2 protein chains.
Amino acid sequence: MSHTMSEVATRAGVSKATVSRVLNRTHTIAPETERRVLEVVRQLKYHKNVHARRLATGRSDLFGLVISEIINPYFPELIRGFQAEAWDRGFDVLLCNTEYNSQRRVSVIQKLIEGDVRGVAIMTASLDRSGTSELTAAGIGVVFCNLGPAERLVSNISIDYQRGIAQAIEHVVQLGHRHAAVIAGPEDNRTAVIIKQALVAGLNERKLILSAVVNSNYRVDAGASAVRALVAAPELPTVIFCGNDLIAMGAMNALEEAGVRIPEDVSVIGIDDISFAFLARPPLTTIRVPRERLGTIAFQALDKMLQLKRRKGVDYYLETDLVIRRSTAPPRSRELGSAGLLLERAR
Amino acid sequence: MSHTMSEVATRAGVSKATVSRVLNRTHTIAPETERRVLEVVRQLKYHKNVHARRLATGRSDLFGLVISEIINPYFPELIRGFQAEAWDRGFDVLLCNTEYNSQRRVSVIQKLIEGDVRGVAIMTASLDRSGTSELTAAGIGVVFCNLGPAERLVSNISIDYQRGIAQAIEHVVQLGHRHAAVIAGPEDNRTAVIIKQALVAGLNERKLILSAVVNSNYRVDAGASAVRALVAAPELPTVIFCGNDLIAMGAMNALEEAGVRIPEDVSVIGIDDISFAFLARPPLTTIRVPRERLGTIAFQALDKMLQLKRRKGVDYYLETDLVIRRSTAPPRSRELGSAGLLLERAR
DNA sequence: CTGAAAGCGCTTACAG
DNA sequence: CTGAAAGCGCTTACAG
């Protein structure tokens with residue numbers, strides 16, 4: 001069905017080497033020859049076969065991007081940033097998702113190696129050095145997010161949650177909050193753990209009373225059930241810090257169901273600033289993680305590292321910032337504190 | 001850096017043909033030979049090069065999926081359905097987005113042809129037959145969504161919006177609504193046009209008063225500005241049908257800002273049931289389009305069509321259903337009608 | 001059950 | 001500026 005470069009060559013009365021050169025604009029070609037070749041290419045609607053090209057050149061034009069699942073609203077912007085950057089430089093991307101499935105994790109790595117990618121951005125916390133040693137062993141560069149320091153063939157991007165968290169805590173302190181709770185992400189997720197620790201440390205430092213720290217699982221329903229536990233306790237915090245926006249949105253739902261008003265009774269703060277955070281009701285105050293930027297940097301990190309003679313990894317940092325919306329407000333009464341809230345709810 | 005099949009062959013003391021056979025489980029192999037080969041493969045961490053394989057076999061194991069933009073919440077479930085189905089059958093997918101950019105549309109088609117895909121699912125309305133004739137000309141199967149009837153090498157999946165829309169209209173009629181408005185998607189989007197027509201026809205048939213039909217652009221902010229126009233008019237409809245959930249969410253925001261309560265003053269209905277529809281406040285009543293299913297069917301359509309001797313396309317249908325949530329309720333007063341609403345708002 | 005050889009469709013020194 | 005030829009790393013009839 002589809003034509004080959006030899007066919008084009010014959011019809012244009014040149015060698016296939018010439019056709020290749022015309023198509024890749026890699027040599028100067030006699031104008032007349034070029035015209036003839038291009039003419040035949042158009043007539044035949046010829047397209048070169050990328051697999052043959054990849055095999056012949058030996059240099060891969062592919063980069064991998066691995067995420068956990070496509071339906072997680074954390075990823076779209078990240079994918080877009082990575083892809084845009086890759087395409088701009090003439091590279092292509094192989095998008096892989098692990099779906100939180102260990103079999104898939106293995107097959108994804110395999111697919112990446114077989115695909116002869118130059119480098120891969122591992123943007124899911126469910127994969128770490130041990131899971132990717134096969135990649136580096138094959139000479140493929142890797143960039144992680146929130147993993148340890150860089151080394152040969154592995155770079156790292158640290159998201160500076162500290163900064164956004166400090167801003168958030170300062171914000172609620174200014175508003176007059178004294179009693180906080182934390183609904184963190186899953187224990188087995190390294191990013192979730194980093195966030196939880198930063199949250200707890202920051203809250204302690206500012207001397208807020210931490211009435212509860214519970215783990216959850218980054219899903220909406222988990223945020224909801226975590227909140228039900230909080231609501232059942234004798235004392236309600238006046239502000240709830242959530243490990244991500246999904247948890248926060250679930251928490252807001254559950255609070256609403258329990259008849260707790262946001263932000264009048266309880267303030268809620270999320271992390272990420274997913275696209276729907278501002279559509280939540282009330283709009284969610286959250287710590288923005290610049291995810292499109294994260295994707296861009298991930299690509300640049302790989303690209304740069306692979307140009308280094310020693311393939312030495314680099315450490316990158318990405319700042320976060322608080323975005324104040326309407327889910328945070330002063331607690332009901334500064335004087336009454338949370339005991340006062342209890343009283344009022346009892347009426 | 002990475003090893004080749006020949007290396008494995010030499011070390012295992014066999015020919016590369018044998019290595020190939022062992023790895024592809026395509027022939028019976030002497031157990032001892034197989035063991036030896038596998039052993040060397042493990043030692044060397046050998047992975048076969050997929051580009052060489054694709055070139056040698058000539059049969060592509062790739063399918064394309066083209067969407068408009070990854071950050072549109074309509075697509076994640078669709079992608080997941082398509083990808084899952086492809087992987088289950090041992091195929092791989094090339095995800096391409098046009099980003100509503102005509103240059104990108106061209107380069108995406110080119111990339112697909114160069115990638116030698118077997119078939120491609122065009123799931124964005126911004127591409128139609130004329131944009132994809134190159135694909136079919138190259139013998140590549142195509143499946144569209146909401147485009148005309150099937151033909152050679154092109155299948156089509158029609159989403160039966162009629163059904164969900166009929167349910168929705170019945171729902172609001174039962175609730176007692178008489179005055180409706182429609183905020184449709186963009187005029188140049190064939191799916192948006194189909195939906196608008198179905199909406200208007202259905203509303204007329206049930207004799208509802210259609211106070212306004214405005215076009216919008218499928219984005220949140222567009223829904224918002226469309227609503228501002230409606231609110232400025234002398235009479236407010238009691239129910240607003242939106243071309244998709246994003247428009248509906250924007251509309252709800254703008255209504256809220258205008259001091260119009262949902263659903264007490266105005267009911268709102270969306271289309272799609274994106275994952276955040278139920279997190280909107282109030283949760284959005286919407287017409288669900290089973291998008292993961294759409295992805296699955298799209299793949300099956302391609303796969304089946306390409307097995308047919310004549311490569312004859314097939315027509316598929318996908319049903320939609322109303323999902324009732326809290327953004328719809330009886331109008332303020334059946335007796336007063338919308339004039340009554342006007343009165344009350346004037347107070 | 002296994003091997004030698006041709007071939008997939010390109011690219012790229014090497015010559016000229 | 002252009003061509004002949006080797007080679008990229010596999011697969012697959014064809015023999016045996």
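Note that this is a predicted model, so its numbers are computed, not measured. Throughout, a chain's letter reflects where its sequence line sits, starting with A, and its residues are numbered from 1.
One side chain, Thr191(A) or Asn146(A), offers a donor N or O that lies under 3.5 Å from an acceptor on the other.
When the P atom of dG7(C) is taken as reference, atom CE of Met5(B) falls 20 Å away, rounded to whole Å. Between the C1' atom of dT2(D) and the CZ atom of Arg36(A) lies a distance of 11 Å, rounded to the nearest Å. A straight line from NZ of Lys16(B) to P of dC8(C) spans 15 Å, rounded to a whole angstrom. One interatomic measurement links the two molecules: CG of Asp61(B) to C1' of dT11(D), which rounds to 14 Å at whole-angstrom precision. For the pair Arg21(A) CZ and dC14(C) P, the interatomic distance rounds to 13 Å; values are reported in whole Å. The CD atom of Glu7(B) sits 14 Å away from the C1' atom of dC8(D) (whole-angstrom rounding). Atom pair Leu23(A):CG and dT12(C):P shows a separation of 13 Å (rounding to whole Å applied). One atom, NE2 of His27(A), and another, P of dC14(C), lie 12 Å apart when rounded to the nearest Å.
The CG atom of Leu55(B) sits 9.0 Å away from the NE2 atom of His51(A) when rounded to the nearest 0.5 Å.
For DNA chain C, the residues of residues 43-59 of chain B within the heavy-atom distance limit of 4.0 Å (strictly under) are Leu55(B), Ala56(B), sorted by number.
One P atom belongs to dA6(C), the other to dT2(C), and the distance between them is 23 Å to the nearest Å. Taking the C1' atom of each, dG16(D) and dT12(D) are spaced 16 Å apart, rounded to whole Å. Between dC10(D) and dC14(D), the distance separating the two P atoms is 24 Å to the nearest Å. For the P atom pair drawn from dA5(D) and dC1(D), the interatomic distance equals 24 Å after rounding to whole Å.
Ionic pairing of Glu151(A) and Lys312(A) is not present here: no N-O contact between side-chain nitrogen and carboxylate oxygen is shorter than 4.0 angstrom. Remark: Arg42(B) engages Glu39(B) in a salt bridge, criterion side-chain N to carboxylate O under 4.0 Å. Salt bridge Asp303(B)/Arg89(B): present, at least one basic N to carboxylate O contact under 4.0 Å. No salt bridge links Asp128(B) with Arg190(B); every basic N to acidic carboxylate O contact stays at or beyond 4.0 Å. Salt bridge present: Glu32(A) and Arg35(A) bring a charged side-chain N and a carboxylate O closer than 4.0 Å.
The shortest distance between the side-chain N/O atoms of Ser15(A) and the OP1/OP2 oxygens of dG3(D) is below 4.0 Å. Put simply, Thr18(B) has a side-chain N or O that comes within less than 4.0 Å of OP1 or OP2 on dG3(C). Residue Thr26(B) has no polar side-chain atom (N or O) positioned under 4.0 Å from OP1 or OP2 of dT11(D).
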**Glu134(B) vs His47(A), side chain to side chain donor-acceptor pair (under 3.5 Å): CA-CA, chis, key distance, verdict** = CA-CA 10 Å; Glu134(B) 276 199 88; His47(A) 290 271; 3.2 Å; yes
Let's go through Arg54(B) and Asp116(B) carefully: what are the C-alpha distance in whole Å and the side-chain angles of both, what is the deciding distance for salt bridge (charged side-chain N to carboxylate O under 4.0 Å, His left out) to 0.1 Å, and is it a yes or a no? CA-CA 9 Å; Arg54(B) 283 174 180 153; Asp116(B) 188 31; over 6 Å; no
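Residue-level contact check: Ala17(A) touches the bases, meaning some heavy atom is under 4.0 Å from a base atom.
Pairs of residues two or more places apart, or lying in two chains, that qualify as side-chain hydrogen bond (donor to acceptor under 3.5 Å, both in side chains) and include a residue from residues 63-80 of chain A are Ser68(A)-Tyr100(A), Glu77(A)-Arg291(A), Arg80(A)-Glu99(B).
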Note, DNA chain D 5' to 3' with Watson-Crick or G-U pairs under 3.5 Å encoded as ( ), [ ], | and . gives |||.||||||||.|||
